[in-house]
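Structure, as structure tokens:
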Protein chains: 2
Amino acid sequence: MSLTIGQVAQQAGIGIETVRFYERQGLIPEPPRTESGYRQYPERIVDPLRFIKRAQQLGFTLKEVAELLHLRVVPGMRCSDVKVRAQAKITEIEAKIKDLQRMQVALKKLAQACTGRGPTAECPILEALQLGQERTC
Amino acid sequence: MSLTIGQVAQQAGIGIETVRFYERQGLIPEPPRTESGYRQYPERIVDPLRFIKRAQQLGFTLKEVAELLHLRVVPGMRCSDVKVRAQAKITEIEAKIKDLQRMQVALKKLAQACTGRGPTAECPILEALQLGQERTC
DNA sequence: CTTGACACCGTAGTATGGTACAGGGTGCAT
DNA sequence: ATGCACCCTGTACCATACTACGGTGTCAAG
């Protein structure tokens, strides 16, 4: 049994217009239609839709998401190409993780240094973040 | 010695207009001015500017960055408040790291499964990513 | 003392990522 | 057979985050 666009939107937690927007942008394939023109989605369509949302929250643009999603679609593309691209993304993700970890370490250190007493001015929670390297606190 | 807006922009790797934009948005404080109205920046201004850039690449909006940057500025705010907010951000960052790690694991697994031979259609590199959980490959 | 690079301000335009109609057709339940 | 919820297309509008422009003032080197 296939899903209507409304069911898809609801399950993915996005709006109907957004689903159509992603289709126009080439992020998801055009689904088959009924005689009357209604889109008929397979259930698995919700996976890429959820993925798009997650990836955006991690700082990837729709264009970047599309790049990923296109790797397996384009015919005639060699698997080795895909591998190269995957590797590039892995490196990029590595860098993001490291940045986030640095932010986290800085926040943790300074939250600890924070006694819970005194005004904020005495708690330079962001001095460390501003550098990307921790300063002494 | 203080910096002009042009020097700041160059050192931070952004445009002059962007520096002024961030000032209007309250992301960086209004600097002192010369008699003639020129902005005079301390050297450390480049740190928050670089931080803004990095944080954006990690999926934080300018509003969220501003929230972080404001924690230490507002007078009369208690350190415990700051601590609570810091904790919330730590949790948020934790979730982002986990998502990225999941993406990375999936990409690595599938890059390995990719022999480097055969067309992309045989290499479902994104089946796993689309779920957020790995499928058998 | 002028000329060229840079600064000022305000306003407007652009790109991205949606979101909201308007004006119409569909499908099914009563 | 007629609502009513849902779908269709197309266009227009919105928020975010810049980016460019016009008109003017400043400063320092020649």
Is any side-chain nitrogen or oxygen of A:Ser36 closer than 4.0 Å to OP1 or OP2 of C:dG27?
yes

Ring of B:Phe60, cation from B:Lys96 - is the NZ or CZ under 6.0 Å from the centre and inside 45° of the axis?
yes

Indicate, with a heavy-atom threshold strictly under 4.0 Å, whether A:Arg20 touches base, sugar-phosphate, or nothing.
base

Whether A:Glu23 and A:Arg20 form a salt bridge (side-chain N of Lys/Arg under 4.0 Å from carboxylate O of Asp/Glu) is what I want to check.
no

CD1 of A:Ile93 to NZ of B:Lys108: how many Å apart, nearest 0.5 Å?
9.5 Å

Distance col, row A:Glu64:CD vs A:Leu69:CG, nearest 0.5 angstrom, shows 12.0 Å

If you compare all heavy atoms of B:Tyr22 against all heavy atoms of B:Leu49, which two are closest, and at what distance to 0.1 Å?
CD1-CD2, 3.7 Å

Scan A:Gly37 against the nucleic acid and name what it touches under 4.0 Å (heavy atoms): base, sugar-phosphate only, or nothing.
sugar-phosphate

Nucleotide C:dG17, atom P - distance to CZ of A:Arg54 in whole Å:
18 Å

Rounded distance (Å) that lies between atom P of C:dG17 and atom NZ of B:Lys63
20 Å

Starting at the 5' end of DNA chain D and moving along, which residue's nearest nucleotide shows up first, B:Phe60 or B:Glu35?
B:Phe60

Quick check for you: among C:dG18, C:dC9, D:dT26, whose closest atom lies nearest to any side-chain atom of B:Tyr38?
D:dT26

Should B:Gln25 be listed as having a side-chain N or O under 4.0 Å from OP1 or OP2 of D:dT16?
no

Check whether any side-chain nitrogen or oxygen of A:Thr61 sits under 4.0 Å from OP1 or OP2 of C:dT16, and answer yes or no.
no

A:Arg33 CZ to C:dT26 P: how many Å, rounded?
13 Å

Provide, to the nearest angstrom, the distance between the CZ atom belonging to B:Phe21 and the P atom belonging to C:dC8.
17 Å

So A:Gly6, base contact, sugar-phosphate only, or nothing? Heavy-atom distance under 4.0 Å.
sugar-phosphate

Taking any heavy-atom pair under 4.0 Å as a contact, classify B:Ile16: base, sugar-phosphate, or nothing.
sugar-phosphate

Please give, in whole Å, the distance from C:dG18 C1' to A:Lys53 NZ?
13 Å

So if I take every side-chain heavy atom of B:Leu62 and compare against C:dC9, D:dC18, C:dA7, which nucleotide ends up nearest?
D:dC18

Distance in angstrom units between A:Tyr22 OH and C:dG17 P, rounded:
9 Å

Check the distance between D:dT26's P and B:Gln40's CD and give it to me in whole angstrom.
15 Å

Under 4.0 Å from OP1 or OP2 of D:dT26: is there any side-chain N or O of B:Arg39 that close?
no

Between A:Thr34 and B:Glu17, which is nearer to the 5' end of DNA chain C once each is assigned its nearest nucleotide?
B:Glu17

Rounded to the nearest Å, what distance is computed from the CD atom of residue B:Gln7 to the P atom of nucleotide D:dA28?
12 Å

